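Reviewing the structure listed below.
When a ligand or atom number is given, it counts from 1 through the structure's own listing order. All values reported here derive from a predicted model rather than from experimental measurement. One-based numbering along the sequence shown.
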Amino acid sequence: MDKIIIEGGRRLKGEVDISGSKNAVLPIMAAALLTEEESVVTNVPSLWDVHTMVKLLRSLGAKAILENGCLKVKPGKNLKPLAPYKLVKTMRASVCVLGPLLARLGEAEVSLPGGCAIGPRPIDLHLKGLEALNAEIMIEHGYVKVRAKTKLRGSEIYLGGGYGSSVLATDNVMMAATLAYGKTVIENAACEPEVVDLAKFLRKMGAKIVGEGSPRIEIEGVRKLHGAEHQVIPDRIEAGTFLYAAAITGGDILVRKMEPSHLNAVIDKLHQAGVRVEKFKNSARVRKNGRLKPVDITTLPYPAFPTDLQAQAMALATVTPGISVITEKIYPNRFMHVPELGRMGAKVFLEGPSAIVHGVKKLSGAPVMASDLRASAALVLAGLVAEGATEVQRVYHLDRGYENLEQKLTSLGASIRREKE
Ligand code: EPU
């Protein structure tokens, strides 16, 4: 297993390019199953999750080739409806093949995603949505089996529970509805940019969709979809991670090939923290502007502050004088990074879904354990500013979602290297 070693204390300076979005490309890859024809997707990041999805597409019978950021998927006529445990257990996003397989084949059998380090992640909304489209659902032997009773039929669906909206449930229902008979209305749809990107790809395939990016998406089913070409949007969470890297090291970075409007809530919080962020068309320059100030942050669905940047924001709060309160509303247990940051000298107290962070003058480098993708990113950020060496173990979590992280940080002046354990 690899580990990453960081010698802290260097200001980051320079320019960095952001890769394509992990959370946009994964459902787009699943959507390619909605036709037998070939689709071509570009700006595809080389990440573990993407490689897992390539394996899953192949195991379903599709041809899938990823070379130099360009992915070609040709599902052909003979798709299989089964997504096996051995692939699904390594990546929860595999669940987004459920909608496309159901729409194409009239049936799908997908291993139920199991436990997850960031807390319980049920799929009841996915199933509620597909059921409303006239599918019957069975859960047997760890698998969810969905089958169209006759043909999938459009329907009006309120896709919510006691919390906000669900990104992948919106994706699954939207994908299934593209080939259903008649009109589907999804109320309380997720508004994340990744959902918008998926809708754009589906439209290029011939789907009739309006309203993506708002809580009401309307889909008029069509008989057939065709292959399409699409460029994936930049990864807003990777871009946000680099904004925090500049802020925490007191650096000056131009983050390029990003979409600043996808990060308005984050940039607003950085401004409040005393960090200067200038937005340009496809880039942003971030510089520390004097003393850091504490800010309170609550994670919520888009366009509010994303849960996927909560841990990185906490890393900054640990070295910000004063008290910051960070409240996690999407995954109330997503605090696995807290004890690890504590090993580096951070003072963070958990109270229910809130973390009360008392800023300290210095963090000190230590061996720490990555528990999930974004927690790992927070530990790397903390390592960049800590005194001495930080060793982040279980780096495979980072490899799931950050492309060339060490290379990008090295080019900005960080001292960071990977070693085999
Ligand atoms: N929820 C339910 N029932 C459902 C679905 C969701 O109760 O059927 C709850 C979840 O437990 C959670 C909330 O709804 O409390 C939102 O979860 P959502 O379904 O939106 O999450 P997701 O679609 O499974 C995607 C991202 C996550 C990101 C979340 C929230 C992908 C592949 N994953 O997951 O990304 O945290 O949306 O924005 O798009 C990451 O990249 O590190 C990551 C975890």
Side-chain angles (χ1 to χ4, degrees), residues 19-31 45 47-50 52-53 56 88 90-99 110 112-132 137 139 144 157-175 188-198 215 232-233 235-241 262 265-266 299-312 328-334 336-337 353 370-378 397-403:
S19 302
S21 161
K22 165 179 90 73
N23 290 347
V25 77
L26 295 174
I28 285 173
M29 290 168 78
L47 301 170
W48 271 112
D49 277 7
V50 170
T52 305
M53 193 56 130
L56 179 56
V88 178
T90 62
M91 186 185 67
R92 303 185 55 85
S94 315
V95 76
C96 62
V97 298
L98 204 52
V110 176
L112 274 172
C116 177
I118 67 181
R121 295 179 71 183
I123 60 159
D124 54 308
L125 287 178
H126 301 238
L127 303 184
K128 175 182 173 185
L130 298 179
E131 207 163 19
I137 316 271
I139 295 189
V144 53
I157 305 163
Y158 176 74
L159 208 53
Y163 30 79
S165 47
S166 162
V167 176
L168 291 179
T170 303
D171 290 348
N172 250 330
V173 177
M174 182 164 69
M175 289 189 278
N188 200 39
C191 303
E192 270 69 3
E194 294 77 17
V195 176
V196 174
D197 208 33
L198 173 64
V232 176
I233 53 168
D235 195 307
R236 65 191 165 104
I237 305 303
E238 187 199 8
T241 303
H262 290 168
V266 175
T299 67
L300 283 169
Y302 189 82
F305 197 96
T307 172
D308 292 341
L309 284 170
Q310 177 257 110
Q312 297 88 321
E328 176 54 66
K329 291 275 198 179
I330 308 290
Y331 302 111
N333 300 318
R334 194 179 200 177
M336 301 287 279
H337 41 289
S371 54
D372 82 75
L373 170 56
R374 309 305 172 187
S376 325
H397 287 293
L398 274 177
D399 296 335
R400 289 190 38 216
Y402 287 93
E403 190 180 45

The option among L198, L159, L168, I123 carrying the non-hydrogen atom nearest to atom 23 (O) of ligand 1 is L168
TODO: Compute the minimum heavy-atom distance from P122 to ligand 1 and say whether it is under 4.0 Å.
DONE: yes
A student checking ligand 1 against S165 at a 4.0 Å heavy-atom cut-off should list atoms 16 (C), 20 (O)
Within 4.0 Å of some non-hydrogen atom of H126, the atoms of ligand 1 are 8 (O)
If we number the atoms of ligand 1 from 1 as shown, the ones under 4.0 Å from a heavy atom of L373 are 42 (O)
To atom 19 (O) of ligand 1, the nearest of P27, S21, S166 on a heavy-atom basis is S166
Ligand 1 atoms nearer than 4.0 angstrom to some heavy atom of R334 are 36 (O), 42 (O), 44 (C)
- Would you please determine whether R92 falls within less than 4.0 Å of ligand 1 on a heavy-atom basis? no
Practice item. May I ask whether H397 has any heavy atom positioned less than 4.0 angstrom from an atom of ligand 1? Key: no
Applying side chain to side chain donor-acceptor pair (under 3.5 Å) to E192 and not counting sequence neighbours gives none
- If you measure from the Lys or Arg side-chain nitrogens to the Asp or Glu carboxylate oxygens, is any gap between D49 and R92 under 4.0 Å? no
Per-atom filter on ligand 1: closer than 4.0 angstrom to a heavy atom of K22 are 40 (C), 41 (O)
| said: Against ligand 1, does R374 come closer than 4.0 Å with any heavy atom? | reply: yes
Numbered in order shown, the ligand 1 atoms found under 4.0 Å of a heavy atom of A93 are 32 (C)
Check: of D372, V167, D308, V25, min heavy-atom distance to atom 35 (O) of ligand 1 comes from D308
